[in-house]
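So you know, we letter chains A, B, ... as the sequences are listed, proteins then strands, and number each from 1. Note that the structure is a prediction, hence the values are computed from the model and not measured.
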There are 2 protein chains.
Amino acid sequence: MNLRKDVHGGNVYRARDEYGISIGEILDYSANINPLGVPESLQKAIMNNMNLLTRYPDPDYTGAKRSLAEFNHVNESNVIMGNGATEIIFLIMEVLKPKKVLIPCPSFSEYEQAALFADCEVEHYRIKEEEDYILDSRDLMESLTEDIEMLVLCNPNNPTSQIIERKPMKDILDFCREKGITVVIDEAFIDFVDEEFNISMVDELSVYPNLFIIKALTKIFAIPGLRLGYGIGSERLIKRLELKKQPWTLNNMASLAAEILPKDRKYIEETKKWIKAERLRFFSKLSSINGIKVYEPFCNFILIKLLDDRLTSYNLCEKMAQKGILVRNAANFIFLDEKYIRIAIKDQRSNDIFLEKFVKTLEEVKVTDGIYT
Amino acid sequence: MNLRKDVHGGNVYRARDEYGISIGEILDYSANINPLGVPESLQKAIMNNMNLLTRYPDPDYTGAKRSLAEFNHVNESNVIMGNGATEIIFLIMEVLKPKKVLIPCPSFSEYEQAALFADCEVEHYRIKEEEDYILDSRDLMESLTEDIEMLVLCNPNNPTSQIIERKPMKDILDFCREKGITVVIDEAFIDFVDEEFNISMVDELSVYPNLFIIKALTKIFAIPGLRLGYGIGSERLIKRLELKKQPWTLNNMASLAAEILPKDRKYIEETKKWIKAERLRFFSKLSSINGIKVYEPFCNFILIKLLDDRLTSYNLCEKMAQKGILVRNAANFIFLDEKYIRIAIKDQRSNDIFLEKFVKTLEEVKVTDGIYT
């Protein structure tokens, strides 16, 4: 048994076993995946290239790196491939072994896991509820004490869906460059952010030798099952990482996906159209519901606080699961508690089903006065 | 660039770049993969389950473990899944961190890599050329000094294709159990060994708490591109390994393969038929060639020593590659040198093409008197 199995969202398998619902019938709002599904271009490529499976992966992943370098306007020597972003997160900690890592929280828990596995000390910086979980860059910089060697920022941040804008991010990077602090930015969800915000730091790579960026194709192209992440950094750092990397961690279908998907402009356009239409519509519908606080999302998921005393994230998630909808219980994020949940933004039809069942669940609480059996 | 890229066979990408041959035209004798190709059952399953890619893998890999447990007649709690056998090799070193590891060599180089990554000391035991690379278990046991905490055995052994038979293997296991030495046996190629030898130690798991076995579906089912390995050990050890494992390392297509392939009896039967027919036929044809020594193979690859002074593994591999055939230069295996190559056993038609071009290459050497340009 994987002892960290309930740490993340997206565990439809447990839901199937516990509630007896077939996986196909589950509406999974606990994982933040593009509702457009696996791109047709990839499905076709996989069917036409089954023979790829008979070969070991290219240890250099030349084709995949070339395509991603082009997509990000960097050189191939700035790219390292990973078996999901997870491998990259663990690798950067393992190689740099910073004495102390500062992680603004609530945030994705694997940064801390990876740091602890590499025997690094971890300090949490509290992103403040009273500021609606928008990071205060000035205050953060004041917390960067002498002993901190690495800062990990998730942008947009999971689970808050908040962003660090370009100006404050550059202030942080300037400050850290001067202090010799490595800044790791996880941009796994950046493709869902409106382009007007222009928050990706990939184009600042040459300016900041202390910058390392983690990216994934998993969320935007709806392929978390394929395991496909990558890192972008200075040539010098990438070389150090490659030396410590296990061979062949990326499977050939993932490497094929990395080659072709960045070129699937049609899918990317459709995604932009969907998120543009649905992000604010779904947010506004949710905001009109009584008894909850909804934080304005900047990507494809939404943090919600339950204000009703009779409700906890545990019983809400339970009741929603009984209705076939998985919700991410956000209670185990550092600095959050059992009043928080996180939900994905999906297509309009699914979101409307979600809204109906969510409202119904909240009303049931009022009727039963919070007694759950 | 992956700095360990030339360490292993199977790098058709480099051959393509260096010799300008399209990958489809290369006859790859440097990787030991079942020539029957990707099982149809798996191809169909992948096509019918593209939707699996939209979901995160099951963190427990329940279906995959159940199927492999059944296949190996062990419990699910004795099985851990890996992104290729490589992940399992690195994980066992990382978790047990033995002070000193003894590795009989020549053997697969990743054991040593993994041990060194985990800061373990490595000692090599020399498997003797004068004994045709057949391991002498008595002599090995005498080399197991007090400070050795782990012994790694590859059975059948890569690159020698020799086996440790049941009786000497049990002697080693008895000895090591008494001394508190963990024995890791890599059985990656065991499915190609004639059943009469009955050398797998999986059925001895309950007898030896100090035993850990590494297996792979990659070779027998011709899917190295999918990354699919696993480990079998005591429930207690598996639990320790799971705690240190990164989440979701196995992609969903690999996990699907683990579920269905052990049930593909037809493919397994055809494989047994092919290897039974081809192993000794190919060996006997090779043995009749002058100027080389061919070690009798016990699985699907063959170690060859070049006796002709004018020939090295480097120029032979080069000349064969120019003819479109990749051969594994075995010079970088510990205790081997530039007189050794390793070749796969493929289907009769391919093997006959190999024989023709191999003989031709050896004759060219005689004519040119070893001058290569």
Please flag which part of [X] lies under 4.5 Å from any non-hydrogen atom of chain A: side chain, backbone, both or neither.
| X | answer |
| --- | --- |
| Leu52(B) | backbone |
| Val38(B) | both |
| Asp58(B) | both |

Could you go through the salt bridge (charged side-chain N to carboxylate O under 4.0 Å, His left out) check for Glu76(B) and Lys65(B) one step at a time?
-> CA-CA 6 Å; Glu76(B) 285 164 48; Lys65(B) 280 185 191 170; over 6 Å; no

Chain B shares the most heavy-atom pairs under 4.5 Å, among Leu228(A), Ile89(A), Ile23(A), with Ile23(A)

Should we say atom NZ of Lys97(B) is surrounded by more than 12 heavy atoms from elsewhere, each under 6.0 Å from it?
-> yes

Would you confirm whether Asp60(A), through its side chain, and Thr62(A), through its main-chain N or O, come within 3.5 Å as a donor-acceptor pair?
-> no

Considering only heavy atoms and a distance below 4.5 Å, find which of Ala114(B), Gly24(B), Ala222(B) pairs most often with chain A.
-> Ala222(B)

Which pairs, with at least one residue in residues 219-236 of chain B and sequence neighbours excluded, count as a side-chain hydrogen bond (donor to acceptor under 3.5 Å, both in side chains)?
-> Asn72(B)-Tyr230(B), Ser77(B)-Glu235(B)

Pairing of Lys245(A) and Glu87(A) as salt bridge, 4.0 angstrom limit = yes

